[in-house]
Amino acid sequence: MRLSRYFLPTLKETPSDAQIVSHKLMLRAGLIKQEAAGIYAWLPLGLKVLKKIEQIVREEMNRAGAVEILMPTLQLADLWRESGRYDDYGQEMLRITDRHKRDLLYGPTAEEVVTDIFRAFVRSYRDLPMNLYNIQWKFRDEVRPRFGVMRGREFLMKDAYSFDIDEASARKAYNRMFVAYLNLFERMGLKAVPMRADTGPIGGDLSHEFIILADTGESQVFCHKDLVEMGAPGPDVDWDNLEGHVEKRTALYAATEEMHDQARFERETSTDQRLSARGIEVGHIFYFGEKYSRPMKAMITGPDGVERPAQMGSYGVGVSRLLGAIIEASHDDKGIIWPESVAPFDLALINLRPGDEACDAACEKAYAALQAAGRDVLYDETDDRPGAKFARTELVGIPWSMVVGPKGLAEGNVELRNRRTGETSTAAFDSVLDGLIKG
RNA sequence: CGGGGCGUAGCGCAGCCUGGUAGCGCAUCUGCUUUGGGAGCAGAGGGUCGCAAGUUCGAAUCUUGCCGCCCCGACCA
């Protein structure tokens with residue numbers, strides 16, 4: 001992409017509405033534009049990152065055996081009356097009436113819809129286990145939206161729903177999501193720690209929030225230090241036998257503020273193992289059994305010929321929130337530092353002197369070669385001054401920059417810069433180009 | 001939903017207390033110069049001061065109502 005033909009409205013000054021660093025940077029780097037409280041338009045660069053995050057989530061869901069569907073944003077109130085939640089949900093649910101005076105709502109979640117889909121087609125235990133997910137815009141009319149996309153009213157969420165014949169099988173479904181979450185957050189360069197969450201009236205031990213640690217996190221969290229550095233199991237696991245991976249990570253103490261038990265924390269960890277930090281919730285998995293399947297009559301016939309409600313669980317990832325969370329966890333005073341897996345461009349090609357024959361020729365050659373190699377390049381051929389180009393590239397957080405200037409080029413050299421480390425190396429044009437082409 | 005704050009050019013702000021021709025920086029446009037860390041000089045364009053009503057000879061400024069946005073708290077992916 002040639003920058004002069006792209007749409008990248010960066011801001012030198014921070015809009016006064018923004019308070020936390022990720023929100024400020026998202027506005028300054030031209031990722032989003034606020035349209036109303038908690039409602040944002042996604043500009044080209046923000047959209048690219050959003051799509052990359054979405055794709056990682058999709059790939060890891062598929063790997064874990066979930067199947068993608070797409071459910072509507074507008075839902076029938078009648079379904080929610082069946083589950084009993086229409087009246088329970090309160091003011092956070094945006095209620096809408098159509099021209100026929102039918103009560104609709106903009107879905108804040110999709111348990112009712114997915115249960116309705118399930119019960120329409122599935123009757124037998126032979127069709128189970130099943131896990132259906134979708135990545136869709138949700139709306140919760142928060143009283144007080146804040147922190148940019150971290151707590152908007154409209155947000156993109158991946159929500160998966162598992163259906164099983166019994167609790168033992170449901171537990172396996174839960175474990176698959178547990179491991180899938182560890183894997184997908186790691187792919188985004190995040191260290192996510194699963195923490196015991198409130199299971200509400202259902203009870204049991206099957207609910208975890210996935211928390212990433214960041215100084216500006218919304219809640220206080222407490223956990224065993226080792227959990228933070230424990231890597232994800234990775235894709236090559238036995239997806240039917242994940243108990244070991246899950247137990248290893250749930251054995252150590254980890255709790256959010258609401259679930260925290262200081263006495264137990266001190267009992268189960270030594271002083272030097274204790275970590276108390278701020279955290280951002282980026283995922284939540286939950287087993288809730290028959291909560292929806294029973295009132296909505298999503299019944300399954302088992303091998304014994306007996307009909308019983310499906311055992312269900314739901315698994316959410318805040319896709320749009322993740323942009324904010326990643327930035328909170330990865331930035332410096334110059335701007336965003338995108339992990340390569342979610343970066344909007346693989347690299348920036350900076351022409352320091354457009355109009356200079358040698359610079360133009362070298363840049364065009366590099367641009368063509370990199371594109372041919374499948375690299376997504378942002379080619380800065382604007383006539384801004386070098387300082388402005390560097391500052392902008394750093395602000396938007398592109399992982400690598402190839403800098404082509406007249407002085408270096410006279411020697412046949414160009415520069416390669418790493419956004420995260422700030423390291424700069426000068427080398428021959430061809431060798432830098434080869435290195436970037438090979439990745 | 002309780003408490004607080006703010007709406008003045010695209011962005012950041014001053015002016016308001018004490019009513020009298022709407023300003024500054026950045027950005028934008030033109031010209032010249034400049035070209036390895038958000039350039040310099042000269043010039044230009046851009047505002048029914050959130051909306052409405054009221055007070056007044058006269059309202060960005062005072063009064064009332066409404067709308068929007070932000071912050072703290074309670075609540076949530």
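Labels below follow one simple rule: chain letters A, B, ... track the order of the sequence lines, proteins then strands, and each chain is numbered from 1.
- Comparing the same atom, C1', in A14(B) and in G25(B) gives a spacing of 11 Å after rounding to whole Å.
- In this structure, Lys33(A) fails the cation-pi test against Tyr40(A), since its NZ or CZ atom is not both closer than 6.0 Å to the six-membered ring centre and inside 45 degrees of the ring normal.
- Between Arg144(A) and C71(B) there is a side-chain polar atom (N or O) within less than 4.0 angstrom of OP1 or OP2.
- Closest contact between the side chain of Asp17(A) and the listed nucleotides C26(B), C1(B), C69(B) involves C69(B).
- When both pairing distances are held under 3.5 Å, A39(B) makes a Watson-Crick or G-U pair with U33(B).
- Counting only heavy atoms from C-beta on, Ser16(A) has its side chain closest to G12(B) among A74(B), G12(B), C70(B).
- Using P as the reference atom, U63(B) and C41(B) are 42 Å apart when rounded to the nearest Å.
- Nucleotides A60(B) and A22(B), compared at atom P, are 8 Å apart to the nearest Å.
- Look at CG on Asn351(A): it is 16 Å from P on U35(B), rounded to the nearest Å.
- With both pairing distances under 3.5 Å, U61(B) is matched to nothing as a Watson-Crick or G-U wobble pair.
- Going from atom CZ of Arg28(A) over to atom C1' of C26(B) covers 12 Å, rounded to whole Å.
- Side-chain nitrogen and oxygen atoms of Arg385(A) include none within less than 4.0 Å of the OP1 or OP2 phosphate oxygen of G38(B).
- With a cut-off of 3.5 Å on both pairing distances, the Watson-Crick or G-U wobble partner of G73(B) is C1(B).
- Of the N and O atoms on the side chains of His284(A) and Tyr315(A), not one donor lies less than 3.5 Å from an acceptor on the other residue.
- Cation-pi contact between Arg85(A) and Trp80(A): present, with separation from the ring centre below 6.0 Å and deviation from the ring axis of at most 45°.
- The base-pairing partner of C16(B), taking Watson-Crick or G-U wobble contacts with both distances under 3.5 Å, does not exist among the strands shown.
- Side-chain rings of Tyr379(A) and Tyr367(A) approach one another, their centers coming within less than 6.0 Å.
- With the nearest nucleotide of RNA chain B identified for both Gly318(A) and Leu11(A), Leu11(A) has the one nearer the 5' end.
- As judged by a 4.0 angstrom heavy-atom cut-off over every strand, Glu415(A) is placed among the base-contacting residues.
- Here the separation of G46(B) from G7(B), taken at their P atoms, is 25 Å to the nearest Å.
- C24(B) and U8(B) have their C1' atoms separated by 12 Å, given to the nearest Å.
- The phosphate of C11(B) (OP1 or OP2) has no side-chain N or O of Thr14(A) nearer than 4.0 angstrom.
- Taking atom P on both nucleotides, C17(B) is separated from U61(B) by 9 Å, rounded to a whole Å.
- Heavy-atom distances to RNA chain B give each of Arg321(A) and Arg392(A) a nearest nucleotide, and the one nearer the 5′ end belongs to Arg392(A).
- For Pro15(A), the side-chain atoms get nearest to G12(B) when compared with the rest of C75(B), C69(B), G12(B).
- At whole-Å resolution of the value, CD in Glu92(A) and P in A77(B) are 9 Å apart.
- Counting non-hydrogen atoms under 4.0 angstrom, Glu394(A) reaches a base of the nucleic acid.
- One can place CD of Glu142(A) at 14 Å from P of A74(B), the figure rounded to the nearest angstrom.
- Comparing C69(B), A77(B), C71(B) by their nearest atom to the side chain of Arg146(A) picks out C71(B).
- With both pairing distances under 3.5 Å, U55(B) is matched to nothing as a Watson-Crick or G-U wobble pair.
- Proximity of Thr109(A) to Arg140(A): side-chain heavy atoms (C-beta onward) are separated by under 4.5 Å at one or more points.
- Shown are Asp164(A), Val246(A), Leu206(A), Leu242(A); of these, the side chain to side chain contact (heavy atoms under 4.5 Å, CB included) with Arg171(A) is made only by Leu206(A).
- Phe147(A) places its CZ atom 15 Å from the P atom of C76(B), with the value rounded to the nearest Å.
- For the pair Asp384(A) CG and G37(B) C1', the interatomic distance rounds to 13 Å; values are reported in whole Å.
- The side chain of Gln34(A) places an N or O atom within less than 4.0 Å of a non-bridging phosphate oxygen (OP1 or OP2) of C70(B).
- Proximity of a side-chain donor or acceptor of Lys389(A) to a complementary backbone N or O of Asn351(A) within less than 3.5 Å is detected.
- For U48(B) and G5(B), the P atoms lie 28 Å apart once the distance is rounded to whole Å.
- Looking at heavy-atom distances under 4.0 Å, Gly405(A) makes contact with a base.
- The distance from atom NE2 of His23(A) to atom P of C69(B) is 12 Å, rounded to the nearest whole Å.
- Checking G37(B), C69(B), A77(B) against the side-chain heavy atoms of His284(A) singles out A77(B) as nearest.
- OP1 or OP2 of A27(B) sits under 4.0 Å from a side-chain N or O of Lys12(A).
- The ring of Phe155(A) lies on top of the base of A77(B), close enough and flat enough: under 5.5 Å between centres, under 30° between planes.
- The side chain of Arg151(A) has C75(B) as its nearest neighbour among U35(B), C75(B), C69(B).
- In this structure, the CG atom of Asp380(A) is 14 Å from the C1' atom of U35(B), given to the nearest Å.
- Across every strand in view, A44(B) sits in a pair with U28(B) that passes the Watson-Crick or G-U test at under 3.5 angstrom.
- When both distances must be under 3.5 Å, the Watson-Crick or G-U wobble mate of G68(B) is C6(B).
- As judged by a 4.0 angstrom heavy-atom cut-off over every strand, Gly324(A) is placed among residues making no nucleic acid contact.
- Residue contacts for Arg140(A): at a heavy-atom cut-off of 4.0 Å it reaches a base atom on one of the strands shown.
- By the 6.0 Å and 45° rule, Arg417(A) stacks over the aromatic ring of Phe390(A).
- Taking atom C1' in both G20(B) and A52(B), the straight-line distance is 24 Å, to the nearest Å.
- Using the six-membered ring where Trp is involved, His260(A) and Phe265(A) have ring planes that are perpendicular, over 60° apart on the 30 and 60° scheme.
- Using a 4.0 Å heavy-atom criterion, one finds that Lys407(A) contacts the sugar-phosphate atoms exclusively.
- Within 4.0 Å (heavy atoms only), Ala36(A) reaches sugar-phosphate atoms of the nucleic acid but no base atom.
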